[in-house]
Amino acid sequence: MEVMIQDDVFLEKIFKRKWRRGIAYNCCVMDYLSRPQKVLFTVKRIMEVPLSKGRIVIHYWEEDKKMLRIFARHGIIDYEIVRPYKNGVTPGYINISISGDSLNAKFLQELLTRHYGKDFSTDNSIDIVPYMVIDTGGDEIVAFHFYDDRGFYEYFVRKSL
């Protein structure tokens, strides 16, 4: 079976931690770091991963306009609103395509700063759960699940399971 970065069903199984066969993961707990330290550490870790192509998936409980303003501020144009948020329990869903030259570190810093600030109810925070899936160009995919303000999971998945 060839694992693809666009396979939402497979990725959902990984992110919900129900399927582990052939998958290694790393949990990074950053409870004792300040928010700026968390953001810098996370962005540095993401930028260390070789990127051939990838995508950022954002589940959000905010007005679409708020998300679109962030994208416009950072020149993010290759995105798709798969499901808009309609003020309910079901989150909105945005898919952003990235490649080696389109990964914007400043965008990641703002996104993660605002995400990690949500549990502290800080000003300018947004209610999102971001995921990132990176095709390294080799024989593995690296996936990140940025849960609440405490840290992230990093998954290492071989393309051929």
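Treat the numbers as computed from the prediction; the structure is a model and nothing was measured. Computation of the quantities below employed the complete heavy-atom set of this structure, encompassing side-chain atoms and omitting hydrogens, waters and symmetry-equivalent molecules.
By the 4.0 Å N-to-carboxylate-O rule, Lys66 lies too far from Glu63 to be salt-bridged with it. The existence of a salt bridge linking Lys159 and Glu140 is excluded, since no basic side-chain nitrogen approaches an acidic carboxylate oxygen closer than 4.0 Å.
Here the side chains of Ile81 and Tyr60 are in contact, with some heavy-atom distance below 4.5 Å. Inter-residue side-chain proximity for Ile23 and Ile14 is flagged as met; some heavy-atom pair is nearer than 4.5 Å. Within the 4.5 Å cutoff, side-chain heavy atoms of Ile76 are placed close to those of Ile96. The shortest side-chain heavy-atom distance between Met30 and Cys28 falls under the 4.5 Å cut-off. Counting heavy atoms from C-beta on, the side chains of Ile46 and Leu103 come closer than 4.5 Å. Side-chain contact between Tyr93 and Ile58: absent, with no pair of heavy atoms (C-beta onward) separated by less than 4.5 Å. Inter-residue side-chain proximity for Val157 and Leu11 is flagged as unmet; no heavy-atom pair is nearer than 4.5 Å.
Listed here is the closest heavy atom pair of Val49 and Glu154: CG2-OE2, 4.4 Å. Leu111 and Pro130 get closest at one heavy-atom pair: CD2-CB, 4.3 Å. Minimum interatomic distance between Leu33 and Lys38 (heavy atoms only, all atoms of both residues): O-CE, 3.2 Å. The minimum heavy-atom distance between Ser99 and Leu51, with the atom names listed, is O-CD2, 3.3 Å. The minimum heavy-atom distance linking Asp64 with Pro84 is given by the pair OD2-CB, 3.3 Å.
Separation of atoms CD1 (Ile5) and CD1 (Ile98) is listed at 8.0 Å; rounding is to 0.5 Å.
Between the side chains of Tyr85 and Thr90, not a single donor N or O lies within less than 3.5 Å of an accepting N or O.
The side chain to side chain contact (heavy atoms under 4.5 Å, CB included) search around Glu110 returns Ile70, Arg73, His74, Arg114, not counting sequence neighbours.
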Inset, instruction - Output, in order, the C-alpha distance, side-chain angles, deciding distance and verdict of side chain to side chain contact (heavy atoms under 4.5 Å, CB included) for Thr42 and Tyr116. - result: CA-CA 11 Å; Thr42 305; Tyr116 286 148; 3.2 Å; yes
Inset, instruction - Start with the C-alpha gap between Val82 and Val57, add the side-chain angles, then the distance that decides, and say whether side chain to side chain contact (heavy atoms under 4.5 Å, CB included) holds. - result: CA-CA 10 Å; Val82 178; Val57 175; over 6 Å; no
Inset, instruction - Would you check, one step at a time, whether the test salt bridge (charged side-chain N to carboxylate O under 4.0 Å, His left out) holds for Asp8 with Arg55? - result: CA-CA 11 Å; Asp8 285 335; Arg55 71 182 180 140; 2.3 Å; yes
Inset, instruction - Would you sort out whether Gln109 and Leu40 count as a side chain to side chain contact (heavy atoms under 4.5 Å, CB included), showing the intermediate values? - result: CA-CA 7 Å; Gln109 284 179 331; Leu40 289 175; 3.6 Å; yes
Inset, instruction - Assess whether side chain to side chain contact (heavy atoms under 4.5 Å, CB included) is satisfied between Val133 and Ile56, documenting all intermediate values. - result: CA-CA 6 Å; Val133 185; Ile56 300 171; over 6 Å; no
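The residue from Tyr147, Tyr131, Tyr25, Phe144 that alone fulfils the ring-ring contact (aromatic ring centres under 6.0 Å, His included) condition with Phe15 is Tyr131.
Under a cut-off of 6.0 angstrom, the local environment of CD in Gln37 is crowded, with over 12 non-hydrogen atoms contributed by other residues, nucleotides or ligands.
Note on Phe107 and Ile77: separate hydrophobic clusters, where clusters join Ile, Leu, Val, Met, Phe, Trp and Tyr whose side-chain heavy atoms are under 4.5 Å apart, directly or indirectly. If you chain together hydrophobic residues whose side chains sit under 4.5 Å apart, Tyr32 and Phe146 never meet in one group.
Distance alone, capped at 3.5 Å, is enough to place a donor-acceptor pair between the Arg35 side chain and the Thr113 backbone. Listed for the Glu62 side chain is no donor-acceptor partner under 3.5 Å among the backbone atoms of Ile126. Of the possible polar contacts, none joining the His59 side chain to the Val129 backbone as a donor-acceptor pair under 3.5 Å is found. Judged purely by atom type and a 3.5 angstrom limit, Arg83 uses its side chain to pair as donor or acceptor with the backbone of Pro91. In this structure, the side chain of Trp61 engages the main chain of Val89 through a donor-acceptor pair within 3.5 Å.
Separation of the Tyr79 and Phe71 ring centroids falls under the 6.0 Å cut-off.
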